[in-house]
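Only one structure is covered here, and it is reproduced in the block below.
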Protein chains: 2
Amino acid sequence: MNESPRRKELIRLAAQLFVQEGFDRTTVRMLAQEMGIKSGSLFHHFKDKQEILAAVIEEGTQNALIIAHQSIEQYPAEPEARLRAMARAHLETLFADRNAHVVALFEWRRLDPAASAHLSHLRDAYEALWVEVIDDALQAGLIHGDRFLVSRFILGALNWTVRWYDPNGPRTPDDLADELVGMIMAR
Amino acid sequence: MNESPRRKELIRLAAQLFVQEGFDRTTVRMLAQEMGIKSGSLFHHFKDKQEILAAVIEEGTQNALIIAHQSIEQYPAEPEARLRAMARAHLETLFADRNAHVVALFEWRRLDPAASAHLSHLRDAYEALWVEVIDDALQAGLIHGDRFLVSRFILGALNWTVRWYDPNGPRTPDDLADELVGMIMAR
DNA sequence: GTCTATAATCGGATAGAC
DNA sequence: GTCTATCCGATTATAGAC
């Protein structure tokens, strides 16, 4: 994979537009303008529009995976801290980390089957990390319920924040993460 | 508003396509074919594609509001039963009730500003119902946290089920609702 | 209320010069 | 690596006959 700084920057700009407008409504002309080139030149960097989407989603998922890993390895044996760290990392990649993860979550369906198959292992690895952390929390008695359902409910609550959370409001993403963990913890 | 059975049926078919393909990727030709007419004829029933979306979203939100109302009024003074009933009603309108509510949740952004302004009172009424039920549960000590955050987290967890829940699998929507309520209830 | 035909525009993508 | 020019299929929407 070509990972030049130039390409990375183009992917960042594309991610921003995809979040603002949605993938389907973002035209190659809009993408080109944002990148400061003409639409014809864009196809020198990417084979087609699909490849841009795949690149953004790969970037977003990989990033989420890396940040989550870094966050929880600080607490090898503290289930509550790990759970909190996962939730914080998730929101950090959604709101502080410039859109690519948001695209990965909300535009995954727009990937063509080949790209989806190629990237699914990344998404699976990220979800596996969640299930692992949830498992620890369950065994420590911090939370209760079915492991898959609990992780999906938590991820759903976190993902949906994209639709209503205002980063310029009074609360930080970390506040949200802590509130969510507090809501589900047994007392 | 024209609410003939014919129109209702067309709205139902449109909702189905919007969920399957997304609003942007659903063409008027696809809509017309599903309705058994030619694309030109479609504009006899709706002014434009936007009006179809607005009609579907109005139908879906109104329906969710009605079902939720009916569900909780059976338990005037039981906070836990009311909370459970709201969660069940939400999933019922998402999965059993033919797609319009899903469109309302996932394609709201595609409404033009005028339609969005016109329909927002419906959405607000539905969310107010949730906050009311959440408030009762908080005061009864069943759950804990900030009223707005709690309701948004719960709605997020429920809405995201659309992305992963398989209605043909072993669990019923009611199972999901009960698991979610169980997860957040203080013990 | 539905049809056919078509206008008008926009979309992704390519070719070839620089 | 970027530009200009352009192809061509698809899309929303309209007009007018039946």
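So you know, we letter chains A, B, ... as the sequences are listed, proteins then strands, and number each from 1. Quick caveat, the model's predicted, so the values are computed rather than measured.
Contact between the side-chain N/O atoms of B:H44 and the OP1/OP2 oxygens of C:dT2 is not found at any separation under 4.0 Å. Regarding contacts with the backbone of C:dT2, a side-chain N or O of B:H45 is found under 4.0 angstrom from either OP1 or OP2.
Of all the residues in residues 14-33 of chain B, B:T26, B:T27, B:V28, B:R29 reach under 4.0 Å from DNA chain D with at least one non-hydrogen atom.
With sequence neighbours excluded, no residue forms a ring-ring contact (aromatic ring centres under 6.0 Å, His included) with A:F46. Residues satisfying the salt bridge (Lys or Arg N to Asp or Glu O under 4.0 Å) test with B:E132, not counting sequence neighbours, are B:R82.
With rounding to the nearest 0.5 Å, the separation of CE in A:M86 from CG in A:L158 is 9.5 Å. Taken from CZ in A:R163 to CH2 in B:W160, the straight-line distance is 8.0 Å, to the nearest 0.5 Å.
For A:R88 and A:D178, the salt-bridge test passes: some basic side-chain N is under 4.0 Å from an acidic carboxylate O. Looking at A:E59 and A:R12, no side-chain N of the basic residue comes within less than 4.0 Å of a carboxylate O on the acidic one, giving no salt bridge.
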Give me, pair by pair, the N or O atoms of the protein and of nucleotides 3-5 of chain C that are less than 3.5 Å apart, along with how far apart they are.
{"from": "C:dC3", "atom 1": "OP2", "to": "B:K38", "atom 2": "N", "distance (Å)": "2.5"}
{"from": "C:dC3", "atom 1": "OP2", "to": "B:S41", "atom 2": "OG", "distance (Å)": "2.9"}

Please list, for nucleotides 16-18 of chain C, all pairs of protein and nucleotide N/O atoms separated by less than 3.5 Å.
none

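Residue pairs meeting the salt bridge (charged side-chain N to carboxylate O under 4.0 Å, His left out) criterion with at least one partner in residues 98-115 of chain B, sequence neighbours excluded, are B:D24-B:R110.
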